[in-house]
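Convention: sequence-line order gives letters A, B, ...; per-chain numbering from 1.
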Amino acid sequence: MNNVNIPSSEQDLLERAQNLAGLSLGEIAKHAGIVVPPNLTRNKGWVGLLLEQVLGASAGSRPEPDFPHLGIELKSLPINEQAKPLETTFVSVAPLTGLVGINWHNSYVRKKLARVLWVPVISAKEIPIAERLVGMPFLWSPNEEEEALLAQDWQELTDMIVLGEVENIQGKHGQVMQLRPKAANSKVKTQAFDKNGKPFMTLPRGFYLKINFTQGLLHRYLRVN
DNA sequence: CGGTGATCATCG
DNA sequence: CGATGATCACCG
């Protein structure tokens, strides 16, 4: 069963998402006719895919926003009962080549994060998948401070890539956004350039939002209204 | 193969 | 016990 039911507007999408607040993943899955896996070990993207389907996002792996006509990206956000994110948030694969002419302003990361529908899910490990509750979804765009932090980290990480130092980048780099492996396993390789400009093969990387960043925006939206 | 959706699992 | 590096499933 596919999404015949595509949200017509940002407001429509937001309302639909907010109607999920308080529901359990089990209830939502049942309504959608989807079986809840016993755990996420072999279904790591399950929550995100469930929400995509229920909210009428376009499926597939195309590098586009989940709602192309609205320019909105959908992100599930696992949190604990104290509203603290439990995991970093994957943003996108990091380009390791073809970076000439790319800057923060025209970067893919900035585009992806321009408008995000965050759907918090209380996902403490001890809670069975089906019993995990959806929190209050909210639409977010970076404010000036957030965008400055993202731009700074993106620049630092991209500079290192351009200088051929991608293999010296560790998770600790970046204040709010980091670069980490993003692959099926550590044997997967993609092309990059070393510091002498020579091509070599390395592990694909992705940009991830650190927990302090998503925690901050969560608080910004949950606090004053 | 390289993108999407992410969480797992081990280490300090 | 949090953060980093590694990993899993699916799609076109």
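- Using bins of under 30°, 30° to 60° and over 60° for the plane-to-plane angle, the ring pair A:F213/A:W140 lands in the perpendicular bin.
- One interatomic measurement links the two molecules: CZ of A:F213 to C1' of C:dG2, which rounds to 20 Å at whole-angstrom precision.
- Look at CD1 on A:I211: it is 6 Å from P on C:dA3, rounded to the nearest Å.
- Residues A:L50 and A:A29 share a closest heavy-atom pair of CD1-CA, 3.9 Å.
- Rounded to an integer number of Å, the gap from CG of A:N39 to P of C:dC8 is 13 Å.
- Taking atom CG of A:L51 as the reference point, atom P of B:dA6 lies 8 Å away to the nearest angstrom.
- Counting heavy atoms of neighbouring residues, nucleotides and ligands inside a 6.0 Å radius, atom NZ of A:K111 does not exceed 12 of them.
- For residues 34-56 of chain A, the set of pairs meeting the ring-ring contact (aromatic ring centres under 6.0 Å, His included) definition, not counting sequence neighbours, is empty.
- Side-chain atoms of A:T202 and A:E167 form a donor-acceptor pair, as typed in the model, at a separation below 3.5 Å.
- A side-chain donor from one of A:E147 and A:W104 sits under 3.5 Å from a side-chain acceptor of the other.
- Sequence neighbours left out, the pairs with a member in residues 67-100 of chain A that pass ring-ring contact (aromatic ring centres under 6.0 Å, His included) are A:F90-A:Y208.
- Among B:dA9, C:dA6, B:dG5, the nucleotide with an atom closest to any side-chain atom of A:L203 is C:dA6.
- Within residues 165-187 of chain A, the residues approached by DNA chain C to less than 4.0 Å at the level of any non-hydrogen atom are A:Q170, A:G171, A:K172, A:Q178, A:R180, A:P181, A:K182, A:A183, A:A184, A:N185, A:S186, in residue-number order.
- Proximity of a side-chain donor or acceptor of A:N43 to a complementary backbone N or O of A:V36 within less than 3.5 Å is not detected.
- The nearest heavy atom of DNA chain C to A:K210 and to A:G45 marks one nucleotide each, and the one closer to the 5' end goes with A:K210.
- Here B:dT7 presents its C1' atom at 16 Å from CG of A:L50, a figure rounded to the nearest Å.
- Note: CD1 (A:I34) to P (C:dC10) measures 13 Å, nearest angstrom.
- With hydrogens and angles ignored, the 3.5 Å screen pairs no side-chain donor or acceptor of A:T190 with any backbone N or O of A:P204.
- The separation between A:N43 atom CG and B:dG5 atom C1' is 11 Å, rounded to whole Å.
- Listed by residue number, the members of residues 105-129 of chain A with any heavy atom below 4.0 angstrom from DNA chain C form an empty set.
- Toward the 5′ end of DNA chain B lies the nearest nucleotide of A:T190, the other residue of the pair A:Y208 and A:T190 mapping further downstream.
- Among the atoms of the strands shown, none is found under 4.0 Å from any heavy atom of A:P204.
- As judged by a 4.0 angstrom heavy-atom cut-off over every strand, A:Q191 is placed among residues making no nucleic acid contact.
- Under the ring-ring contact (aromatic ring centres under 6.0 Å, His included) criterion, no residue pair touches residues 155-195 of chain A, with sequence neighbours excluded.
- With A:Q155 as reference, A:D159 is the one residue of A:T158, A:D153, A:D159 to meet the side chain to side chain donor-acceptor pair (under 3.5 Å) rule.
- Listed for the A:N39 side chain is a donor-acceptor partner under 3.5 Å among the backbone atoms of A:T41.
- Contacts between residues 81-93 of chain A and DNA chain B, defined by a heavy-atom separation below 4.0 Å, involve A:E87, A:T88, A:F90, A:V93, listed by number.
- Between the P atom of B:dA6 and the CZ atom of A:F207 lies a distance of 18 Å, rounded to the nearest Å.
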